[in-house]
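Presented below is the structure to which this report refers.
Naming convention: chains lettered A, B, ... in sequence-line order (proteins, then strands); numbering from 1 in each chain.
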Amino acid sequence: MREKIVLIDGHSILNRAFYGVPDLTNSEGLHTNAIYGFLNILFKILDEEKPQYLTVTFDVHAPTFRHEMYAEYKGTRKPMVEELRQQVPVIKEVLQAMDIEIIEQAGLEADDLLGTISRTCEEKGLDVAIISGDRDTLQLATEHVKIRIPKTKQGRTEVEDYYAADVKEKYGVTPTEFIDVKALMGDASDNIPGVPGVGEKTATKIITEYGSIENAYAHAAEIKPPRASKNIQEYWDQACLSKTLATINTHAEIAFDLDAAKHGNPYTKEAHDYFQRLQFKNLLSRFDVETSENEVEAFFHEITEKKEAEKIFEEAGKSETLGAALTEDNGNVLPLFAHPSGYGRLTIAYGKSKVYSIPCGPDMEMDYLFGKLCELAGKVKHFSMFDLKKYLTVVPDAKPENSFDVTVAAYLLNPLKNDYDYEDVAREQLNLMIDEKAEPMVKACYEAYTAYAATGILKEKMQKQGMYHLFTDIEMPLVFTLYDMEQAGIKVEAEALKFYGEQLGGRIVELEKEIYEEAGETFNINSPKQLGVVLFDHMQLPNGKKTKTGYSTAADVLDKLAPDYPIVAKILEYRQLSKLKSTYADGLAVYIGPDGRIHGKFNQTITATGRISSTEPNLQNIPVRMELGRLIRKVFVPKEGCVFIDADYSQIELRILAHCSGDEQLIQAYKEARDIHRMTASQVFHTPFDEVTDLQRRNAKAVNFGIVYGISSFGLSQDLSITRKEAAQYIENYFETYPGIKRFLDDTVAHAKEEGYVVTLFGRRRPVPELKSSNFMQRNFGERVAMNAPIQGSAADIMKIAMIGVNQELKEKGLKSKLILQVHDELLIEAYEDEVEEVKEILKRQMEEAADLDVPLIVDMHTGENWYEAK
DNA sequence: TTACAGCGG
DNA sequence: GAAGACCGCTGTAAC
């Protein structure tokens with residue numbers, strides 16, 4: 001049996017992986033797609049080859065050139081893009097951690113390293129497999145040297161294998177002749193000039209016939225296409241240079257030690273740590289044999305004796321930090337003891353070796369365990385759980401002052417992630433991997449333990465970043481406020497909603513018929529694809545924009561066609577109505593509970609900017625702009641004896657911008673309660689204040705919005721249907737009028753580029769990794785985000801403060817009125833008729849005094865018998 | 001699951 | 001010269 005060595009062309013494979021694997025980023029913002037793809041290929045090769053030796057070669061500094069003189073003559077190659085460049089040192093560290101030999105030698109190309117090592121090993125009697133994405137290496141193939149070229153096709157890597165015979169079969173020439181083919185045809189990517197007028201076909205034909213360029217030159221007169229014949233003679237020097245350039249040096253002076261390349265066990269502890277940091281979950285499974293024994297798991301205990309449990313609760317009550325988890329699994333106790341809440345097990349952790357999981361049972365029913373947890377929640381300094389809001393219904397004694405929601409803390413530290421599960425936090429903060437297939441009891445223990453162990457770490461990180469006050473004073477109290485709001489819910493008239501839906505349905509059927517008639521065919525109007533075909537192919541309407549998959553049928557496109565084509569107007573109406581029916585009429589109805597109310601969810605750990613989001617259903621996008629949609633709000637009603645009070649901030653984001661930028665003019669204007677949009681119009685369009693037209697004011701309003709969104713001339717031109725040039729002029733005028741704003745936005749972007757994040761008035765951070773991207777579009781996006789996030793985020797902070805204040809004061813004063821909805825800059829209260837005046841005073845004061853800015857915060861309020869009237 | 005469309009701030 | 005307003009959620013079609 002011959003021994004085998006695998007040689008990997010590091011940069012070439014990394015490059016392949018980079019372009020073959022979609023962009024991945026770990027939670028630190030490090031790009032990892034090339035590393036991930038590289039490791040996938042590496043493991044695949046190792047599984048297949050099972051080599052005794054393994055080496056990865058790298059160029060010392062990429063890009064380098066085989067022949068410097070030529071590189072200088074031809075100019076330089078493009079520099080490596082940043083996203084790939086940053087991954088190069090990391091893959092080297094990972095390989096080192098896996099005990100894999102890396103060879104790099106200054107002045108030598110990877111090809112020359114591969115060629116030389118390959119030849120040496122073959123002479124020593126080894127089989128060689130060279131892994132490279134570069135077809136140049138095919139010249140190295142022999143009977144014992146196999147060239148393997150990986151290809152990534154739709155997420156799967158397939159490998160093409162070439163021994164010498166395979167090269168001959170596929171290319172019609174031997175590996176040695178392959179060099180001569182290349183010398184003739186050239187290679188632009190390698191800066192090999194070749195012979196003009198000779199492409200792949202001709203080159204192969206010539207070399208198949210004559211074997212080498214030297215022999216071809218000797219018989220130049222006979223060569224078939226006259227152009228090739230002439231050019232080989234005329235460009236003979238260039239052909240020779242090309243051959244030198246194309247030839248891989250197999251006798252380079254390098255120190256290669258076969259013993260050092262011995263391939264051992266790559267699944268080391270260090271490698272495991274790297275894989276965790278890089279968040280390669282599925283690659284980590286390769287380590288499971290080696291790392292399954294985990295120190296913390298040894299301390300996980302299941303407790304079924306009540307006496308023992310009571311001792312533990314007593315001890316736990318004296319601890320400083322208590323992590324807790326409530327889970328559904330009850331260890332299969334009799335259904336008799338199943339609790340209506342669905343929970344069957346309490347797990348607590350209050351020390352590294354103090355992790356106890358207690359299933360409910362005859363002795364300890366779930367209500368008993370809830371009671372104990374409540375007691376503990378009142379005693380310890382940090383009562384820590386994941387997603388605390390979810391459990392407040394069974395742990396009503398928890399208080400904002402000493403509660404620690406791990407999910408919320410993890411969100412504050414990085415609001416860009418999708419999940420903040422205990423698995424994620426354990427991995428990121430504690431460097432702990434949790435087996436997905438673990439027993440429910442073990443998982444519960446991990447959840448409680450992670451809550452316990454991560455609390456101190458997260459707290460310290462928040463303190464370091466100046467966010468701990470945001471956490472304790474805003475986010476934690478808000479958990480409880482949102483819980484109250486969800487519990488309260490909002491009353492919806494189911495009958496009226498149904499009637500509204502039926503009305504829409506009737507009109508939709510009519511429109512459908514008319515549309516089919518005018519189109520001369522039936523089709524699915526809800527399918528943008530089918531609609532595009534009907535309108536722009538069959539009916540030959542002038543088509544504007546296109547999307548990836550076909551014609552755009554978006555409203556702004558159809559709007560332009562509507563005046564000329566009745567069918568388009570009908571489609572627009574159809575779209576509007578079916579949206580209202582499916583999303584709102586039918587969509588909302590399914591959420592009405594037995595109490596006649598909708599209890600939607602308010603999510604605190606979703607948005608990148610700090611806003612709250614609303615789901616199941618989304619109550620933050622109920623129609624209001626169009627009258628027909630707005631009517632839906634009539635079905636949202638206060639309960640018997642109550643009215644709605646709706647309060648919304650007037651232009652809160654622009655006011656925050658005025659405050660943050662310190663722009664004198666804008667601040668003064670707000671202090672004098674002037675019409676900001678009119679004033680902006682007057683300045684930007686050089687028109688006396690009193691002579692500003694409605695159109696000018698509308699445009700100025702759009703500019704003001706644009707500024708908040710991180711203005712661009714393109715975006716503004718789209719919004720206003722004007723040219724880019726005009727939009728750019730507006731913006732220029734705007735910045736001349738308000739130089740403070742220009743300065744503020746520039747400073748904010750500069751800070752973001754420097755630090756990698758932006759920050760709100762109350763210390764909330766948003767990382768902006770896009771600013772480091774090499775992609776123009778991404779970087780521009782990063783700049784807009786940097787300008788917008790502090791403004792939108794500060795507004796969110798202020799609203800949260802107001803919500804907490806309103807909710808608390810209502811409770812403290814013993815009022816029965818309740819805060820029930822938040823829509824970003826608007827609060828809705830269900831107020832008892834005899835409390836209305838007092839509640840209005842509280843609302844206005846709490847909202848307007850939530851923050852002390854250099855400009856006044858103004859709140860507008862309305863009352864009504866339903867949401868339509870109150871808004 | 002992804003793309004498109006459309007509702008809100 | 002590129003492709004774009006910022007932040008969300010839901011429903012439908014089509015893969």
Rounded to whole Å, CD of A:E627 lies from P of B:dC7 at a distance of 15 Å
P atoms of C:dG4 and B:dA3, separation to the nearest Å: 13 Å
Counting any heavy atom closer than 4.0 Å, what does A:A727 reach on the DNA or RNA strands: base, sugar-phosphate only, or nothing? nothing
Mark yes or no for a side-chain to base donor-acceptor pair under 3.5 Å between A:N621 and B:dC7, with no hydrogen or angle criteria applied. yes
Just one of A:E510, A:E512, A:E518 clears the side chain to side chain donor-acceptor pair (under 3.5 Å) bar with A:K570, so which one? A:E518
Looking at the side chain of A:I606, which of B:dG9, B:dC7, C:dC9 is the nearest nucleotide? C:dC9
Can you figure out which of C:dA13, C:dC9, B:dA5 approaches the side chain of A:N524 most closely? C:dA13
Contact between A:Y649 and A:L857 at the side-chain level, heavy atoms closer than 4.5 Å - yes or no? yes
Using 4.0 Å as the upper bound for N to carboxylate O, is an ion pair formed by A:D746 and A:K742? yes
Taking only side-chain N and O atoms of A:T583, does any of them lie within less than 4.0 angstrom of OP1 or OP2 on B:dC7? no
Any idea which of B:dG6, C:dG8, B:dG8 is nearest the A:A554 side chain? B:dG6
Over how many whole Å does the gap from A:K529 atom NZ to C:dC15 atom C1' extend? 9 Å
Pairing donors with acceptors under 3.5 angstrom, does anything connect the side chains of A:Q651 and A:Y670? yes
Heavy atoms under 4.0 Å, any strand shown: does A:V708 hit a base, just sugar-phosphate, or nothing? nothing
Residues of residues 497-511 of chain A with a heavy atom under 4.0 Å from any atom of DNA chain B, listed by number, are none
Phosphate OP1/OP2 of B:dC4: any A:T549 side-chain N/O under 4.0 Å: yes
For the student: nearest non-hydrogen atoms of A:D860 and A:S650, plus distance: OD2-CB, 4.0 Å
Minimum heavy-atom separation for A:I829 to A:L843, with atom names? CD1-CG, 3.8 Å
Contact nearer the 5' end of DNA chain C, comparing A:H824 with A:N526: A:H824
N/O to N/O distances under 3.5 Å, protein versus nucleotides 1-4 of chain C:
{"unit_1": "C:dG4", "atom_1": "O6", "unit_2": "A:R724", "atom_2": "NH1", "d": "3.1"}

When you get a sec, tell me which of B:dC4, C:dT10, B:dG8 is the closest nucleotide to the side chain of A:P623? B:dG8
Between A:H677 and A:F705, how do the two ring planes meet: parallel, tilted or perpendicular, split at 30° and 60°? parallel
A:Y709 side-chain proximity, nearest of B:dA5, C:dA13, C:dC6: C:dC6
Check: B:dG6 base within 3.5 Å donor-acceptor of A:R575 side chain: no
Pair A:R597 + A:E830: basic N to acidic O under 4.0 Å: yes
When rounded to the nearest Å, what value does the distance between P atoms of B:dA5 and C:dA5 take? 13 Å
Rounded to whole Å, how long is the line connecting atom CD1 of A:I525 with atom C1' of C:dG11? 16 Å
Is the phosphate of C:dC7 approached by A:R766 (side-chain N or O, under 4.0 Å from OP1 or OP2)? yes
For A:G706, which contact category applies under a 4.0 Å heavy-atom criterion: base, sugar-phosphate, or nothing? base
Grab the CZ-P distance between A:R633 and B:dG9 for me, whole Å please. 7 Å
Short side-chain donor-acceptor distance under 3.5 Å, A:D405 and A:Y411: no
Looking across every strand, which nucleic acid part, if any, lies under 4.0 Å from A:S578 by heavy atom: base, sugar-phosphate, or nothing? nothing
Rounded distance in Å - NZ (A:K579) to C1' (C:dA13): 14 Å
At 4.0 Å (heavy atoms only), tell me whether A:D719 reaches a base, stays on the sugar-phosphate, or touches nothing. base
Report which part of the nucleic acid A:F781 touches: base, sugar-phosphate, or nothing (heavy-atom distance under 4.0 Å, all strands). sugar-phosphate
Nearest of B:dA5, C:dT12, C:dC7 to any side-chain atom of A:S552? B:dA5
Which is true for A:A795 with a 4.0 Å heavy-atom rule: it touches a base, it touches only sugar-phosphate, or it touches nothing? nothing
When you measure from the side chain of A:T553, which nucleotide among B:dA5, C:dC9, B:dG9 comes out closest? B:dA5
With a non-hydrogen cut-off below 4.0 angstrom, is A:A796 in contact with a base, only sugar-phosphate, or nothing? nothing
Roughly how far apart, to the nearest Å, are B:dG6 and C:dG1 at atom C1'? 32 Å
Ignoring hydrogens and angles, does a donor from either the side chain of A:R630 or the base of B:dG8 sit under 3.5 Å from an acceptor on the other? no
Has A:S713 got a side-chain atom pairing as donor or acceptor with A:A728's backbone, closer than 3.5 angstrom? no
Which part of the nucleic acid does A:Q718 contact within heavy-atom distance under 4.0 Å: base, sugar-phosphate only, or nothing? nothing
Under-4.0 Å side-chain N/O to phosphate OP1/OP2 contact, A:K601 with C:dC9: no
Below the 4.0 Å mark, does B:dC4 have OP1 or OP2 next to a side-chain nitrogen or oxygen of A:T547? yes
No-hydrogen, no-angle side-chain donor-acceptor test under 3.5 Å, A:Y868 and A:E627: yes
From CG of A:L628 over to P of B:dC7, roughly how many Å is that when rounded to an integer? 10 Å
Please report the distance, rounded to the nearest Å, between CD in A:Q822 and P in B:dG8. 17 Å
With side chains defined as the heavy atoms from C-beta onward, is the minimum distance between A:W867 and A:V624 less than 4.5 Å? no
Write down the distance between OH (A:Y551) and P (B:dA5), rounded to a whole number of angstrom. 14 Å
Looking for any heavy atom pair under 4.0 Å, which part of the strands does A:E616 touch: base, sugar-phosphate only, or nothing? sugar-phosphate
Looking at C:dA14, I'd like to know if its phosphate oxygens (OP1 or OP2) sit under 4.0 Å from a side-chain N or O belonging to A:Q530. yes
Looking only at the side chains, is there a donor atom on one of A:E83 and A:S773 sitting less than 3.5 Å from an acceptor on the other? yes
